[in-house]
Visitor: 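Sharing a structure here in structure tokens format.
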Amino acid sequence: MAAAATTLRLLKPLSSAAASLLVPLNNPATNRSVAPLLLFSSSAVSRHHRRFCNVVSASVSSGEATKAEPIELEKGAKIREFRRKLKIVDIKGGVDEGLDRLGETLVVRGWVRTLRAQSSVTFIEVNDGSCLSNMQCVMSSDADGYDQVESGVISTGASVWIQGTVVASQGSKQKVELKVDKLVTVGVSDPSFPIQKKRVSREFLRTKAHLRPRTNTFGAVARVRNALAYATHKFFKENGFLWLSSPIITASDCEGAGEQFCVTTLFSNPSEAVHSPVNAIPTTQDGSIDWSKDFFGKPAFLTVSGQLNAEIYATALTDVYTFGPTFRAENSNTSRHLAEFWMIEPELAFADLEDDMACATAYLQYVVKYILENCKEDMDFFNTWIEKGIIDRLSDVVEKKVVQLTYTDAVELLLKAKKKFEFPVTWGCDLQSEHERYITEQVFGGCPVIVRDYPKDIKAFYMRQNDDGRTVAAMDMLVPRIGELIGGSQREERLAYLEQRLDDLKLNKESYWWYLDLRRYGSVPHAGFGLGFERLVQFATGVDNIRDAIPFPRAPGSADF
């Protein structure tokens, strides 16, 4: 059925009275203003949306809506000034928790969390995602828009526009509340809205990833994740690093594990991929896939790491870092693995393993300190509801000195441990999470630990060989509750050693021709590390499943949303 025709007309700018809806009316000198909304009229908008548009352009002095008249667009008309929206965190997030705004008339926009209708007054809890706290809006029956409460239009999940006066709260849960003057429903919520006041499991919420950001837990995780990302860029900027956009599509396997997603256009569109027979794939005479017919003319994959590309720029710009998505086609359904995740990978030129460990330590302590200082409300929530003692645990990371020991010493500690591990420990084995957590939690009492100088046979080809011929200059940083959080190494800068290592691992040197060139033309000692961002979010928030540390988790059999 053809869609109804919709005409959009530019309306007159808001009058000064109408614009005053969006700022504290009794404090014209304040700088706490909110941007006026762009207004359009449309024959297709809903009744509530029309009312929403009208009320924004209404005269405050009269309290009556005025009809906006269409005007011709003037030649050279200026774009309105962009202004930051006033949000609940701006009202309640200060030291006084909103008491400094008593008497101000403000506008709140958000989604209804709860509604309690009593005989003489109605309480509406509204959240806009800017902070954990809701704005309690107190509405009496004489307020404009109360009919929407009576008719049942306002329900959990609905989006609303509320104007009111900041008053001291009569309750003990908040310092201030909003006495409602006007309420407008922007978007109604169907009664089937699946996230009500009662608690639901995080497993269930993963099936509702499009709605779970509206819960306290996932709103807090998103804000802390954002703060960690900001602190990451801030740390590297302050220390002279340049951010590098590493490619997502690559022909190289950085880790050499072969767990990569293939990228191909041998199917020209998704429909063909679903319905094409296998014999539609072009092949060579010997029956192999004819990659020359593919988009890149050879096999291509989603990257597992931006490290090799970062090395290119580090050997020209000295210190760089990547921060982007990476992919592993590992068929694992554990709480520690994702098929798509983000990696932070700095690369330092003219640096050795000691410099690498110092950088990793400084970075971790910087970002953890940042969230403790700037996400206090959310961190208190995690401390109460997700992991008791998380603030103390994170404070230890900031305040305690990081311990370092060799892999050989770590194995000896584990062999002497009066604890039975699920995975037996021998020199040459890859340490498991239970071993890593025992070292940092039990042996060193919650202090971060760096284990260095691993056996070369369990590490990647690019790591610099130590003089003993058995180990490489690699390091892993272990933290409580997570185990390995950071993995890094000094890179092999010697051409002959690198070529021999590729031969030993039977890797195709032709695929790494450009990587070898970096050792031919002005090679320098360099080092770097990789940190899985979602593990950092887990570590910082206490959530026990990595699928809850990323907005839209990708795992075997799961690629929804």
Side-chain angles (χ1 to χ4, degrees), residues 21-25 27 30-37 82-114 123-138 156-169 171-180 183 186 195 211-234 367-386 390-391 537 540-541 551:
L21 272 170
L22 305 177
V23 298
L25 301 181
N27 187 12
T30 184
N31 193 35
R32 297 164 178 157
S33 59
V34 179
L37 297 177
F82 176 77
R83 298 179 186 176
R84 170 180 170 164
K85 291 184 181 72
L86 181 72
K87 297 185 178 179
I88 292 173
V89 69
D90 302 318
I91 303 170
K92 300 181 65 176
V95 176
D96 295 323
E97 298 181 41
L99 291 174
D100 57 329
R101 289 184 176 271
L102 291 177
E104 293 184 8
T105 301
L106 306 172
V107 166
V108 169
R109 306 168 183 83
W111 293 265
V112 175
R113 286 288 179 88
T114 62
F123 297 94
I124 305 173
E125 297 276 344
V126 177
N127 190 281
D128 64 4
S130 62
C131 60
L132 189 68
S133 298
N134 301 326
M135 175 58 74
Q136 178 165 279
C137 302
V138 184
T156 300
S159 55
V160 293
W161 182 99
I162 297 178
Q163 175 195 316
T165 304
V166 180
V167 297
S169 178
S172 59
K173 292 183 178 180
Q174 61 277 317
K175 297 288 182 65
V176 298
E177 57 195 20
L178 202 66
K179 183 180 179 182
V180 178
L183 177 148
V186 181
I195 303 175
L211 297 173
R212 70 178 184 171
R214 300 194 197 182
T215 65
N216 286 338
T217 298
F218 286 93
V221 169
R223 287 186 292 270
V224 170
R225 182 185 172 100
N226 172 74
L228 287 168
Y230 176 79
T232 294
H233 288 295
K234 195 168 184 288
V367 297
V368 170
K369 182 179 180 181
Y370 184 87
I371 62 166
L372 289 174
E373 293 178 349
N374 293 277
C375 302
K376 291 183 179 180
E377 184 186 36
D378 289 324
M379 294 310 302
D380 286 339
F381 171 80
F382 293 130
N383 198 61
T384 301
W385 297 103
I386 305 299
I390 188 174
I391 293 177
V537 175
T541 62

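Because the structure is predicted, anything quoted here is derived from the model rather than measured.
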Visitor: Is there side-chain contact between Val160 and Val126, with heavy atoms separated by less than 4.5 Å?
Guide: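 A side-chain contact under 4.5 Å exists here.
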
Visitor: Side-chain donor-acceptor pair under 3.5 Å between Arg113 and Asn216, yes or no?
Guide: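 Short answer, yes.
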
Visitor: Whether the side chain of Arg214 engages the backbone of Gly129 through a donor-acceptor N/O pair (distance < 3.5 Å, no angle test) should be reported.
Guide: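 Side chain of Arg214 to backbone of Gly129: no pair is present.
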
Visitor: Is the shortest heavy-atom distance from the side chain of Gln136 to the side chain of Glu125 under 4.5 Å?
Guide: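 They are in side-chain contact.
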
Visitor: Ignoring hydrogens, what is the shortest heavy-atom contact between Met379 and Ala540? Give both atom names and the distance.
Guide: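 Where Met379 meets Ala540 most closely, the heavy atoms are CE-O, 3.1 Å.
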
Visitor: Quick check: do Asp128 and Val108 have side-chain heavy atoms less than 4.5 Å from each other?
Guide: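 Heavy-atom side-chain distance check fails, nothing below 4.5 Å.
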
Visitor: Find out whether Ile88 and Asn134 are in side-chain contact, i.e. whether some heavy atom of one side chain is under 4.5 Å from a heavy atom of the other.
Guide: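 The answer is no; the side chains never approach within 4.5 Å.
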
Visitor: Looking at every non-hydrogen atom in both residues, tell me the closest pair between Cys131 and Glu377 and how far apart they are.
Guide: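 Looks like CB-OE1, 3.5 Å.
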
Visitor: State which residue, out of Val221, Thr541, Thr217, Val224, fulfils the side chain to side chain contact (heavy atoms under 4.5 Å, CB included) condition with Asp378.
Guide: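 So, applying the side chain to side chain contact (heavy atoms under 4.5 Å, CB included) to Asp378 and each of Val221, Thr541, Thr217, Val224, only Val224 qualifies.
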
Visitor: Where is the tightest heavy-atom contact between Phe382 and Ala220, given as atom of each residue plus distance?
Guide: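 Heavy atoms of Phe382 and Ala220 come nearest at CZ-CB, 3.5 Å.
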
Visitor: Of all the heavy-atom pairs spanning Arg212 and Pro551, show the shortest one and how long it is.
Guide: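 That closest heavy-atom pairing would be NH2-O, 3.1 Å.
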
Visitor: Report yes if the side chains of Arg101 and Leu106 come closer than 4.5 Å at any heavy-atom pair, otherwise no.
Guide: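 A side-chain contact under 4.5 Å exists here.
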
Visitor: The criterion is ring pair (Phe, Tyr, Trp, His ring centres under 6.0 Å); which residues satisfy it with Phe123, sequence neighbours excluded?
Guide: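 With neighbours one apart ignored, the set is empty.
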
Visitor: Hey, are the side chains of Leu178 and Val167 touching, using non-hydrogen atoms and a 4.5 Å cut-off?
Guide: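 Side-chain contact under 4.5 Å: no.
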
Visitor: Would you check, one step at a time, whether the test side-chain hydrogen bond (donor to acceptor under 3.5 Å, both in side chains) holds for Glu104 with Thr165?
Guide: CA-CA 6 Å; Glu104 293 184 8; Thr165 304; over 6 Å; no

Visitor: Does any part of the side chain of Asn226, heavy atoms only, come nearer than 4.5 Å to the side chain of Arg223, both counted from C-beta?
Guide: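 Sidechains of Asn226 and Arg223: no contact.
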
Visitor: With a 4.5 Å cut-off on side-chain heavy atoms, are Val107 and Trp161 touching?
Guide: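 Answer yes - side chains close enough.
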
Visitor: Taking it one step at a time, do Gln174 and Ser169 satisfy side-chain hydrogen bond (donor to acceptor under 3.5 Å, both in side chains)?
Guide: CA-CA 6 Å; Gln174 61 277 317; Ser169 178; 2.9 Å; yes

Visitor: Roughly how far, to the nearest 0.5 Å, is the SG atom of Cys137 from the NZ atom of Lys179?
Guide: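 Lys179 NZ to Cys137 SG: 13.5 Å, rounded to 0.5 Å.
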
Visitor: For Lys85 and Asp90, run salt bridge (Lys or Arg N to Asp or Glu O under 4.0 Å): C-alpha distance rounded to whole Å, both residues' side-chain angles, the deciding distance at 0.1 Å, then the answer.
Guide: CA-CA 9 Å; Lys85 291 184 181 72; Asp90 302 318; over 6 Å; no

Visitor: For Val166 and Gly98, which heavy atoms make the closest approach, and how far apart are they?
Guide: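 Heavy atoms of Val166 and Gly98 come nearest at CG1-O, 4.1 Å.
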
